[in-house]
Amino acid sequence: MATTVGLIVVRGPTETPSAAFRRSRDQHKEKTVSTFLEEHGRTHMCGELREENIGETVTLMGWVSKYRNLGRLVFIDLRDRSGVTQLRFDPHHAEEIHDVATELRSEWCIAIIGEVVSRGANKNPDMPTGSVEILPQSLEVFSKAETPPFVIREETDAHEDLRLRHRYLDLRRGPLQEALLTRSKVNALTRNYLVDNGFAEFETPVLNRSTPEGARDYLVPSRIHPGKFYALPQSPQIFKQLLMVSGFDRYFQIVKCFRDEDLRADRQPEFTQIDMEMSFVTPEDVIEICEGMMAAIFEGVHDIDVEPPFERLSYDEAMVRFGVDNPDLRFGLEISDVSEAVADSEFRVFSGTVARGDVVRGICVEGGVEEFSRKDLDELEEQVKIYGAKGLAWVKIKSDDWSGPVANFIGDDEREAISAKMGASVGDLLLFVAASADVACASLGNLRKDLGNRLGLIDEDEFRFCWITDFPMFEEEDGQLHAMHHPFTSPHPEDLDRLDGDPLKLRAQAYDLVLNGHEIGGGSIRIHRQDVQNRIFELLGLSEQEAQDKFGFLLDALQYGTPPHGGIAFGMDRLLMILTGVDSIRQVIAFPKTTQASDLMAQAPSDVDEEQLEELHLRLIEPKSEENSTS
RNA sequence: GGGGUAGUAGUUCAGAUUGGUUAGAACGCUGGCCUGUCACGCCAGAGGCCGCGGGUUCGAGUCCCGUCUACCCCGCCA
């Protein structure tokens with residue numbers, strides 16, 4: 001076989017590296033097109049060679065991952081998305097190729113043709129391909145590489161902003177490759193499952209009309225209609241309901257959604273939903289389909305059985321026991337309400353709080369007496385203050401007595417009642433928050449999650465699903481009602497004839513799917529009757545005219561024989577974050593944005609030309625901020 | 001809008017309490033040596049606007065003020 005040698009920098013004795021690089025680049029221009037790919041096809045991926053391939057001549061293509069020169073013997077780890085194979089360049093086998101190999105550097109993109117041989121006694125048991133190596137007979141350099149700004153290997157300690165600036169390099173690393181390939185797999189599993197269950201995939205508009213409800217919209221100015229704007233969808237909610245009106249029966253879409261709100265580790269301005277809607281269904285039907293879908297995804301990705309049906313909790317029960325509507329059920333540390341037990345307490349903070357109609361709730365940390373120093377407890381107090389708690393009262397139950405700053409104010413009868421309520425015994429640490437129910441829930445609910453992490457109570461390999469049901473229809477803010485889910489959510493059937501009672505007591509036919517403490521999906525049965533829809537708008541303080549202005553086309557559609565329908569949407573990014581065991585959704589998105597909604601690689605958002613603004617009938621009112629002094 | 005953490009070689013960090021001659025280490029990079037490495041090893045070398053701007057001072061990486069960027073959180077996200 002002829003030896004092909006492609007673009008190789010062989011540096012002259014007095015030549016600088018950059019001069020050598022330029023010279024070889026210029027030489028490469030003469031050889032305008034490599035004919036390597038016309039003559040040779042890839043026969044294997046780098047991660048798949050095993051002992052049974054010994055003796056075969058293979059063609060591999062990939063990147064130089066690691067270079068080890070032992071003098072006359074050169075080893076190179078060649079990497080592609082499937083893994084790594086070791087190449088051995090030995091002057092005994094091919095002198096010319098060996099000389100060329102000594103010039104290779106990290107991240108050059110190359111192809112080799114060579115024989116698979118056994119490593120004999122030099123096997124590497126830590127590599128899947130560790131019992132074989134390749135003796136290359138020919139080598140083609142497709143392209144050389146500058147030294148990357150950070151080393152491309154499985155584990156990196158480079159800061160995230162640097163990696164985001166060079167995302168295409170970060171994405172060469174194994175963990176990110178796996179995450180994105182898992183993402184692709186979940187896409188395929190989802191489509192297969194839903195299509196098999198009678199769902200059809202439809203696209204809905206991205207350029208849409210702005211609706212004032214909900215999150216802040218991303219707006220797109222219209223060139224053709226001066227002064228008017230499209231909005232990017234926060235979700236395809238109304239369109240999927242219209243598809244039900246049209247009779248498509250079962251719809252799904254894997255779709256980008258946009259919300260212009262502040263970011264978090266699990267929130268990006270553009271994110272992907274698995275969006276579904278079904279006609280003629282009860283919540284049970286939706287839940288069953290979703291459980292089947294989760295089972296298919298988890299079996300396909302991790303080969304594990306998540307064992308539906310999943311546990312269910314009402315919203316009220318979740319809030320009382322766990323303080324949040326997205327409880328992590330992988331550990332205990334449940335919250336107890338001790339308001340009654342401390343109503344007459346000598347400790348005024350407790351009794352005063354109860355007298356005001358607020359609550360005293362606590363968490364019993366089994367065996368926590370030894371675990372927590374005064375400093376630790378101060379830290380925990382800081383944690384609850386974030387959520388508005390004034391303080392964190394604590395008591396250590398030691399064998400002889402209760403200790404802690406407030407212990408003296410708690411009488412014997414009270415102690416007995418508290419212990420009974422919290423299931424406390426000697427050696428336990430009791431933590432209390434006295435506050436409004438909202439603050440007590442938020443502070444203790446989040447404290448509980450912190451404690452679960454801190455005490456190592458969480459089995460990272462466990463996937464614990466839970467449905468939260470019976471959400472309130474409305475929440476109140478400054479005397480104004482807001483829809484908790486969205487204004488098209490149907491009231492609970494048992495509450496339908498109580499629409500004239502206290503609206504805050506109305507329950508919705510809404511359900512969230514929670515996995516390991518993250519809300520991964522939420523949906524509801526929708527209102528399909530116009531009279532009910534009008535009543536809900538009324539409760540929300542929307543006049544008929546306003547409702548018509550905002551949602552007129554949906555209301556019109558409801559007049560033409562609407563099937564009962566309902567659906568759900570899953571947060572694909574959050575689901576993947578849990579599936580791949582990472583702690584931010586940036587790690588499962590190919591090109592994510594920073595917490596300031598910037599793309600550090602593409603440098604978006606950016607300035608635009610005056611002419612573009614003009615065409616769009618826009619004028620900037622803020623003076624342009626000066627260029628960043630750091631950039 | 002608010003709270004917290006960080007920013008010093010290409011990278012990850014030390015140096016900061018106590019302002020003082022020439023700002024260090026590791027990894028990476030470059031060169032040399034090395035035939036079984038796989039975090040290869042050994043030797044040598046290059047590499048710095050101490051985020052940016054201002055102030056205090058005889059003198060600032062270090063003290064003060066402002067500002068920018070990244071990350072985490074509260075608010076916000078039907």
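A/H159 has no side-chain polar atom (N or O) that falls below the 4.0 Å cut-off from OP1 or OP2 of B/rA6. Using a 4.0 Å cut-off, no side-chain N or O of A/R165 falls inside it from OP1 or OP2 of B/rG10. Listed pair A/T595 / B/rC71 meets the phosphate criterion, a side-chain N or O lying under 4.0 Å from OP1 or OP2.
Pairing partner, B/rU5: B/rA70, with both Watson-Crick or wobble hydrogen-bond distances short of 3.5 Å. In this entry B/rG48 has no Watson-Crick or G-U wobble partner, no candidate having both defining distances under 3.5 Å. Shown here, B/rG36 forms no base pair; nothing in the strands shown gives a Watson-Crick or G-U wobble contact with both key distances under 3.5 Å. Shown here, B/rC63 forms a base pair with B/rG55; the pair counts as Watson-Crick or G-U wobble because both key distances fall under 3.5 Å. Nucleotide B/rG10 forms a pair with B/rC27, judged by Watson-Crick or G-U wobble geometry with both contacts under 3.5 Å. Under the Watson-Crick or G-U wobble criterion, with both distances below 3.5 Å, B/rC77 has no partner in any strand shown.
Of all nucleotides listed (B/rC71, B/rU37, B/rU11), B/rU37 comes nearest to the side chain of A/E133. Nearest nucleotide to the side chain of A/K66, out of B/rC71, B/rA39, B/rG36: B/rA39. You'll find that the side chain of A/R105 is closest to B/rG31, out of B/rC71, B/rG31, B/rC27.
Nucleotides B/rG51 and B/rG7 are separated by 6 Å at their C1' atoms, to the nearest Å. Taking the P atoms as reference points, B/rG41 lies 8 Å from B/rC27, given to the whole Å. For B/rC34 and B/rA6, the C1' atoms lie 42 Å apart once the distance is rounded to whole Å. Atom name P, nucleotides B/rA26 and B/rU35: the rounded distance is 26 Å, in whole Å. B/rG28 and B/rA23: their P atoms are spaced 25 Å apart (whole Å). Rounded to whole Å, the separation between the C1' atoms of B/rU57 and B/rG10 comes to 35 Å.
Within 4.0 Å of A/K385, counting heavy atoms only, lies no atom of the nucleic acid at all. The residue A/N69 sits close to a base: some heavy atom pair falls under 4.0 Å.
Between the C1' atom of B/rC72 and the CG atom of A/D161 lies a distance of 15 Å, rounded to the nearest Å. The distance between atom CG of A/L600 and atom P of B/rG51, rounded to the nearest whole Å, is 19 Å. Atom pair A/L169:CG and B/rU11:C1' shows a separation of 13 Å (rounding to whole Å applied). One can place CG of A/D157 at 13 Å from C1' of B/rA39, the figure rounded to the nearest angstrom. Computed from coordinates, the A/Y67 OH to B/rU35 C1' distance equals 14 Å when rounded to whole Å. Atom CG of A/L73 and atom C1' of B/rU35 are 5 Å apart (whole Å). Remark: C1' of B/rG10 and CZ of A/F150 are 12 Å apart, rounded to the nearest angstrom. A/R72 places its CZ atom 21 Å from the P atom of B/rC40, with the value rounded to the nearest Å.
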How far apart are the C-alpha atoms of A/K593 and A/D599, what are their side-chain angles, what is the distance that settles it, and do they pass the salt bridge (Lys or Arg N to Asp or Glu O under 4.0 Å) test? CA-CA 5 Å; A/K593 294 186 170 52; A/D599 183 327; 5.0 Å; no
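Judged by atom type and distance alone, A/R119 reaches the base of B/rU37 through a side-chain donor-acceptor pair under 3.5 Å. Taking only distance into account, the side chain of A/R68 meets the base of B/rU37 through a donor-acceptor pair shorter than 3.5 Å. Contact annotation: side chain of A/Q596 to base of B/rU69, donor-acceptor pair absent below 3.5 Å.
In the model, A/Y315 has no side-chain atom that pairs as donor or acceptor with a side-chain atom of A/D512 under 3.5 Å.
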Heteroatom pairs (N/O) under 3.5 angstrom, protein to nucleotides 73-77 of chain B:
unit_1: B/rC73; atom_1: OP2; unit_2: A/A265; atom_2: N; d: 3.2
unit_1: B/rC74; atom_1: OP2; unit_2: A/R264; atom_2: NE; d: 2.8
unit_1: B/rC74; atom_1: OP2; unit_2: A/R264; atom_2: NH2; d: 3.3
unit_1: B/rG75; atom_1: N7; unit_2: A/R264; atom_2: NH2; d: 2.9
unit_1: B/rG75; atom_1: O6; unit_2: A/R264; atom_2: NH1; d: 3.0
unit_1: B/rG75; atom_1: O6; unit_2: A/R264; atom_2: NH2; d: 3.4
unit_1: B/rG75; atom_1: N1; unit_2: A/D262; atom_2: OD2; d: 2.6
unit_1: B/rG75; atom_1: N2; unit_2: A/D262; atom_2: OD2; d: 3.2
unit_1: B/rC76; atom_1: O2'; unit_2: A/E261; atom_2: OE1; d: 2.6
unit_1: B/rC76; atom_1: O2; unit_2: A/R267; atom_2: NH2; d: 3.1
unit_1: B/rC76; atom_1: N3; unit_2: A/R267; atom_2: NH1; d: 3.2
unit_1: B/rC76; atom_1: N3; unit_2: A/R267; atom_2: NH2; d: 2.8
unit_1: B/rC76; atom_1: N4; unit_2: A/R264; atom_2: NH2; d: 3.4
unit_1: B/rC76; atom_1: N4; unit_2: A/R267; atom_2: NH1; d: 3.2
unit_1: B/rC77; atom_1: O2; unit_2: A/R267; atom_2: NE; d: 3.3
unit_1: B/rC77; atom_1: O2; unit_2: A/R267; atom_2: NH1; d: 3.1
unit_1: B/rC77; atom_1: N3; unit_2: A/R267; atom_2: NH1; d: 3.0

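Using a 4.0 Å cut-off between a side-chain N of Lys or Arg and a carboxylate O of Asp or Glu, A/D170 and A/R167 qualify as a salt bridge.
Taking the six-membered ring for Trp and the full ring otherwise, the centers of A/F75 and A/F89 sit at least 6.0 Å from each other.
Applying the 6.0 Å contact sphere to CD of A/Q480 captures more than 12 heavy atoms from other residues, nucleotides or ligands. Counting non-hydrogen atoms of other residues, nucleotides and ligands closer than 6.0 Å to CZ of A/F229 gives a total above 12.
If A/F75 and A/P149 are placed on RNA chain B by their nearest nucleotide, the residue sitting closer to the 5' end is A/P149. Position along RNA chain B of the nearest nucleotide to A/R586 versus A/L70 favours A/L70 as the more 5'-ward residue.
Using cut-offs of 30° and 60° on the angle between ring planes, the pair A/Y218 and A/F258 is perpendicular.
The only member of A/T85, A/L60, A/V84 that meets side chain to side chain contact (heavy atoms under 4.5 Å, CB included) when paired with A/R79 is A/V84.
Shortest non-hydrogen contact noted between A/S82 and A/G47 is OG-N, 2.8 Å. Residue A/L504 comes nearest to A/D502 through the heavy atom pair N-OD1, 3.0 Å, listed as atom of the first residue, atom of the second, then distance.
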